[in-house]
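FYI, the numbering just counts along the sequence from 1. What you are looking at is a predicted structure, and each value in this text was computed from that prediction instead of being measured.
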Amino acid sequence: MIYFGFIVALGTNTFAAHQIAGNIEVFSYMIGYGFAAVATIIVGKQIGAGDFEEAKSYAKLIALLSAGFILPMGAGLFFLGEWIGTFFTKDPVVIGQIGIALKIVAFFQPFLAIVLILTGAFQGANNTKYPMYLTTTGMWVIRTILVYVLSIQLEMGITGVWIAIGVDIIFRAAVLWYRLETNRWISIEVQKDAPCHPKTKQPELDDCVNNY
């Protein structure tokens, strides 16, 4: 309510443009949800087999593949945003703002793909809480505050709204990738006296898990 309240305060045209741009953007990253489901399944399988390094490699590979597939979709939003907007409204002011929003969207679509896939990978690693906490932080601390500062205080309008969204997405992508790289993304319960899986090449499974 607070987040949308800031956008409504910018005017009905801006709010309409924001909503329409969001609906159009959905089509660009639907493929990302498919990749996220794949990441959850494959990572979960590797974690179950005790092969944590392989799970990490698959998570990174699927994230990069997804980002690559979404790049052309982002280009489509950049060049065809206003034209697509004409299917939703005939108001030239709203169409112009839709074009602005989708041009900004185009630049952070690959980062959104990484967020979707790594969230799926974390779920496959039984770590559902961290992405939830990160999303909450991004929405409340970064996105909402930046929308207020950029759009209302600095009077950037819909440009400020979508820059705020982009900063939130890039922040979450960076944090998730950092957690993956530093091996702090797997959450499983093990018996302390259980032997380590051969592929991990460490003396005890408890030690292997602690490294992640």
Side-chain angles (χ1 to χ4, degrees), residues 1-4 22 25-26 28-70 105 107-148 162-192 194 196-197 199-202 204-212:
M1 291 175 63
I2 295 173
Y3 171 74
F4 280 111
E25 185 204 9
V26 169
S28 71
Y29 62 77
M30 286 299 294
I31 190 172
Y33 283 112
F35 276 103
V38 171
T40 300
I41 295 168
I42 293 181
V43 168
K45 179 181 178 181
Q46 297 301 321
I47 296 296
D51 196 342
F52 305 133
E53 283 298 327
E54 194 74 6
K56 177 177 168 182
S57 297
Y58 273 117
K60 293 166 67 175
L61 174 62
I62 297 170
L64 294 176
L65 283 174
S66 178
F69 272 95
I70 286 180
V105 164
F107 287 101
F108 64 78
Q109 288 301 287
F111 296 97
L112 179 57
I114 291 174
V115 170
L116 293 175
I117 277 57
L118 292 190
T119 297
F122 275 53
Q123 291 171 347
N126 198 38
N127 188 355
T128 58
K129 291 182 179 180
Y130 191 82
M132 181 189 70
Y133 296 148
L134 185 61
T135 300
T136 301
T137 301
M139 289 293 295
W140 276 99
V141 178
I142 297 178
R143 186 177 300 198
T144 302
I145 292 177
L146 281 182
V147 165
Y148 176 75
W162 285 87
I163 288 177
I165 294 172
V167 171
D168 170 31
I169 295 298
I170 293 172
F171 166 76
R172 281 192 270 160
V175 172
L176 289 172
W177 193 276
Y178 175 77
R179 297 281 295 192
L180 184 72
E181 285 286 2
T182 55
N183 299 327
R184 291 183 294 167
W185 63 293
I186 296 175
S187 176
I188 58 177
E189 295 182 1
V190 297
Q191 296 178 354
K192 293 184 177 180
C196 182
H197 190 278
K199 292 183 179 180
T200 60
K201 299 180 181 179
Q202 294 191 36
E204 293 185 0
L205 184 56
D206 189 45
D207 293 334
C208 299
V209 175
N210 286 337
N211 286 333
Y212 286 80

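Phe69 CZ: 12 or fewer foreign heavy atoms inside a 6.0 Å radius. Residue Tyr58 qualifies as open at atom OH: its count of foreign heavy atoms under 6.0 Å is 12 or below.
With sequence neighbours left out, the side chain to side chain donor-acceptor pair (under 3.5 Å) criterion links Thr144 to no other residue. Remark: Gln123 engages no residue in a side chain to side chain donor-acceptor pair (under 3.5 Å) (not counting sequence neighbours).
With contacts defined as side-chain heavy-atom distances shorter than 4.5 Å, the pair Lys56/Gln46 does not qualify. Counting heavy atoms from C-beta outward, Val175 and Tyr130 have side chains that approach closer than 4.5 Å.
Panel note: side chain Arg179, backbone Arg184; a donor-acceptor pair is recorded below 3.5 Å. Looking at Asn127, its side chain never comes within 3.5 Å of a backbone N or O of Ile186 through a donor-acceptor pair. Judged by distance alone, with hydrogens and angles left aside, the side-chain atoms of Ser28 form a donor-acceptor pair with the main-chain N or O of Glu25 at under 3.5 Å.
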Which atom pairs, one a donor and one an acceptor, fall under 3.5 Å between side chains of residues 131-138 and the rest of the protein, sequence neighbours left out?
{"from": "Thr135", "atom 1": "OG1", "to": "Pro131", "atom 2": "O", "distance (Å)": "2.8"}
{"from": "Thr135", "atom 1": "OG1", "to": "Arg172", "atom 2": "NH1", "distance (Å)": "3.4"}
{"from": "Thr136", "atom 1": "OG1", "to": "Met132", "atom 2": "O", "distance (Å)": "2.9"}
{"from": "Thr137", "atom 1": "OG1", "to": "Tyr133", "atom 2": "O", "distance (Å)": "3.0"}

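Here the CG-CD1 distance, from Leu64 to Ile117, works out to 10.0 Å after rounding to the nearest 0.5 Å. Between atom OG of residue Ser187 and atom CD1 of residue Ile47 there is a gap of 10.5 Å, rounded to the nearest 0.5 Å. Between Ile114 atom CD1 and Leu112 atom CG the span is 9.5 Å, to the nearest 0.5 Å. Taking CD1 of Ile2 as the reference point, atom CE of Met139 lies at 11.0 Å (rounded to 0.5 Å). Going from atom CD1 of Ile142 over to atom CD1 of Ile165 covers 13.0 Å, rounded to the nearest 0.5 Å. Going from atom CZ of Phe108 over to atom CZ of Phe171 covers 15.5 Å, rounded to the nearest 0.5 Å.
Annotation for Ile62 and Ala39: closest pair CD1-CA, 3.7 Å, computed over non-hydrogen atoms. Taking both residues in full, the closest heavy atoms of Ala59 and Ala121 are given as CB-CB, 3.8 Å, listed atom of the first, atom of the second, then distance. Of all non-hydrogen atoms in Ser66 and Gly32, the two that sit nearest each other are OG-CA, 3.9 Å. The minimum heavy-atom distance linking Ile169 with Phe111 is given by the pair CG2-C, 3.7 Å.
Each of Leu116, Thr40, Leu65 was evaluated against Phe35; a single residue qualifies, Leu65, per the side-chain contact (heavy atoms from CB on, under 4.5 Å) test. No option in Leu180, Leu118, Leu176 other than Leu180 meets the side-chain contact (heavy atoms from CB on, under 4.5 Å) test with Trp185.
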For this session: Kindly determine whether Tyr178 and Glu181 satisfy side chain to side chain contact (heavy atoms under 4.5 Å, CB included), including the steps that lead there.
Result: CA-CA 5 Å; Tyr178 175 77; Glu181 285 286 2; 5.7 Å; no

